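Working notes for the structure below.
Only a predicted model underlies this, so the values are computations on that prediction, with no experimental measurement involved.
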Amino acid sequence: MDAAPLLIRGGLLLDGSGRPGRVGDVLVVGDRIVEAGRPLNATGARTIDAAGLAVAPGFIDMHAHADLAVLDDPLNLAAVTQGVTTQVVGQDGLSYAPASEGTLGVLREQLAGWNGPRGPEAGWAEVAGYLAEVDRRGPAANVAYLVPHGTVRLNVVGTDDRPATPAELAAMRAQVDRGMRQGAFGLSAGLSYAPGMFADTAELVALCEVVAARGGYFAPHQRSYGAGALEGYAEMIGIARRSGCALHLTHATMNFAVNRGRAGELLALIDGALAVGVDITLDSYPYLAGSTTLSALLPGWAAAGGPDVTLRRLRDPADRARIVHELDVAGSDGAHGVPVDWSAVEVSGVRDPVLSNRVGRTIADLAAREGRPPAGLALDLLAADRLGTGILQHVGDEDNVRTVMRHPRHTGGSDGLLVGDKPHPRAWGTFPRYLGHYVREEGVLTLEDAIVHLSARPAARLGLTDRGRIAPGMVADLVLFDPDTVTDRATFAEPRLQAAGIPWVLVAGVPVVADGHRTEATPGRALRSASCAPS
């Protein structure tokens with residue numbers, strides 16, 4: 001690291017407080033801000049001319065799926081080129097630590113659609129092992145980790161659809177506690193994915209009690225974002241109330257036609273809980289389409305037993321007919337209780353390159369071309385691709401998206417998957433889309449308020465007292481952007497295009513983007529929560 005101070009001169013300082021921005025300077029020495037505000041003189045300092053640019057705390061992606069990408073690609077282009085300086089991973093209840101040897105085979109298969117096919121190098125017995133590997137590799141952006149409930153359940157209960165026994169629950173509580181003591185910031189859950197969906201409310205309350213005792217938060221992908229959305233949110237709020245655990249509702253939205261225009265009902269539920277002292281935050285992505293795996297749409301019973309058992313069920317005539325009925329008529333729990341609209345399900349990536357001609361087409365279109373029922377084609381695709389198929393679901397509602405992002409407890413999260421031929425553009429565009437489309441063009445948020453949503457409030461949720469603000473003593477995670485030109489360029493047709501209007505990004509005082517170009521610097525590290533026990 002260059003020992004000379006760094007002076008950022010003449011930018012519009014958006015300090016994360018929500019107060020109106022003011023033109024001023026920021027002086028960085030080492031990895032810290034030492035002065036900010038008035039015009040400064042710093043003899044011998046390196047200088048960045050920020051005239052015409054906004055200077056903000058680095059953005060914190062509260063819902064990232066870069067668990068392995070931060071290790072595979074230390075440049076972290078998708079994150080840092082949109083101003084993200086910290087990513088929160090271990091999301092949706094499934095990740096690679098703490099994983100037993102018996103669990104890892106199932107995890108690698110189940111997560112292929114999220115992270116690509118993986119060999120034996122992917123997996124750590126302890127959260128501490130994963131965090132140490134992040135530090136060893138040295139990514140560009142910082143990484144914060146959540147203990148994944150589904151992984152812990154796989155370790156202890158396995159793939160069965162049943163309640164945990166008292167002894168198993170005690171073992172899960174111990175694993176969660178150990179992960180928190182090793183530096184995790186909370187517990188994530190994926191309650192429409194196996195095996196997380198097999199957990200009852202009491203199990204989640206018991207685990208959240210452990211998280212609360214360590215000062216962490218619960219980040220659930222709840223049971224339904226469709227027909228049972230409000231009931232699912234009410235369950236999560238009830239878990240927070242009963243356990244005393246802070247709650248962060250991940251990708252909080254109301255999707256599918258059944259929920260059009262109903263975001264106000266969700267926010268009323270949240271506001272009612274806030275009024276009686278439940279600590280709640282939420283995140284969202286600024287797009288209408290969702291992204292997941294095709295296998296996630298399957299009913300829970302079809303996913304019980306693990307990937308190999310699921311694949312056998314896809315070929316069994318009786319099981320197959322039952323699955324098709326639930327997908328097309330009844331609405332499976334994996335598909336959020338809503339019959340699947342196959343015209344809204346687009347293939348975004350495949351595990352087997354032989355199937356790449358399916359990418360970019362909807363299941364309905366593929367079925368029509370082949371003269372087949374869509375559900376049958378979807379199941380055959382899953383079987384051929386060993387459950388590794390990624391999809392986009394075009395099921396969102398613009399009014400809901402805008403209503404949620406206005407809430408005063410809202411934060412930003414990309415939920416971006418980085419694998420596949422045509423992944424969701426949110427992996428490369430979420431944060432500039434907030435600033436360009438929803439702030440500058442639509443006025444949904446003010447510029448000052450947007451920085452609170454994207455920087456300060458996420459830092460507060462994580463308990464990062466030295467990040468998320470521009471003030472003396474804070475870590476110099478900073479983003480410089482042009483408020484007049486910042487925009488997302490990634491599209492569904494070209495999802496990996498770098499954002500425009502973000503010429504400088506600094507992590508711990510080190511430029512990782514300079515004059516719009518990625519440097520070779522990798523100053524990021526694994527962050528550890530305040531509950532981390534001294535080693």
Side-chain angles (χ1 to χ4, degrees), residues 65 92-94 109-114 150 159 161 190-198 221-229 232 251 253 255-259 288-307 309-316 319-351 355 358-359 361-367 372-396 415 417 420 423-424:
H65 284 286
D92 293 331
L94 290 167
E109 288 292 303
Q110 190 163 349
L111 291 173
W114 290 5
T159 58
D161 180 0
L191 303 178
S192 68
Y193 301 121
M197 60 169 41
F198 305 143
H221 168 121
Q222 57 134 339
R223 298 189 195 275
S224 174
Y225 293 89
H251 42 59
T253 189
N255 282 337
F256 305 94
V258 68
N259 287 319
L288 300 188
S291 176
T292 186
T293 57
L294 184 58
S295 63
L297 305 185
L298 296 173
W301 64 264
V309 178
T310 299
L311 287 167
R312 288 200 296 271
R313 290 187 179 118
L314 295 182
R315 300 183 182 95
D316 179 87
D319 285 342
R320 185 182 176 94
R322 184 181 170 192
I323 293 169
V324 168
H325 176 79
E326 293 197 33
L327 292 174
D328 283 350
V329 181
S332 81
D333 49 1
H336 306 283
V338 177
V340 177
D341 175 3
W342 296 108
S343 68
V345 178
E346 177 184 346
V347 179
S348 61
V350 291
R351 180 177 186 172
L355 302 169
R358 305 291 202 268
V359 175
R361 296 179 176 178
T362 68
I363 297 295
D365 176 57
L366 290 168
R372 304 180 54 200
L377 182 140
L379 299 189
D380 286 345
L381 176 56
L382 278 174
D385 206 24
R386 288 194 56 81
L387 309 179
T389 308
I391 60 169
L392 305 175
Q393 282 187 284
H394 299 274
V395 294
D415 196 14
L417 301 180
H424 199 302

* F198: what forms a ring-ring contact (aromatic ring centres under 6.0 Å, His included) with it, not counting sequence neighbours? -> none
* Asked: Which residues satisfy the ring-ring contact (aromatic ring centres under 6.0 Å, His included) test with H325, sequence neighbours excluded?
  -> none
* T293 versus Y193, side-chain donor and acceptor atoms under 3.5 Å -> no
Restricting to side chain to side chain contact (heavy atoms under 4.5 Å, CB included), what partner residues turn up for [X], sequence neighbours left out?
X: A335; value: L297, S332, V340
X: L387; value: S295, P307, T310, L311, L314, L382
X: R372; value: R320, E370, L377, D380
X: D415; value: H63, H65, D92, H251, Y285, R426

Can you confirm whether [X] sits close enough to [Y] that some side-chain heavy atom of one is under 4.5 Å from a side-chain heavy atom of the other?
X: V347; Y: L381; answer: yes
X: P339; Y: D328; answer: no
X: L298; Y: L379; answer: yes
X: Q393; Y: S291; answer: no
X: N259; Y: Y225; answer: no
X: D316; Y: R312; answer: no
X: W342; Y: L366; answer: no

With sequence neighbours excluded, tell me which residues meet side-chain hydrogen bond (donor to acceptor under 3.5 Å, both in side chains) with [X].
X: H336; answer: none
X: E346; answer: H394
X: T389; answer: D385
X: D341; answer: S343

* Structure fact -> Sequence neighbours excluded, the answer for salt bridge (Lys or Arg N to Asp or Glu O under 4.0 Å) partners of R322 is E326
* Expected output: side-chain S348 to main-chain P423 donor-acceptor under 3.5 Å -> no
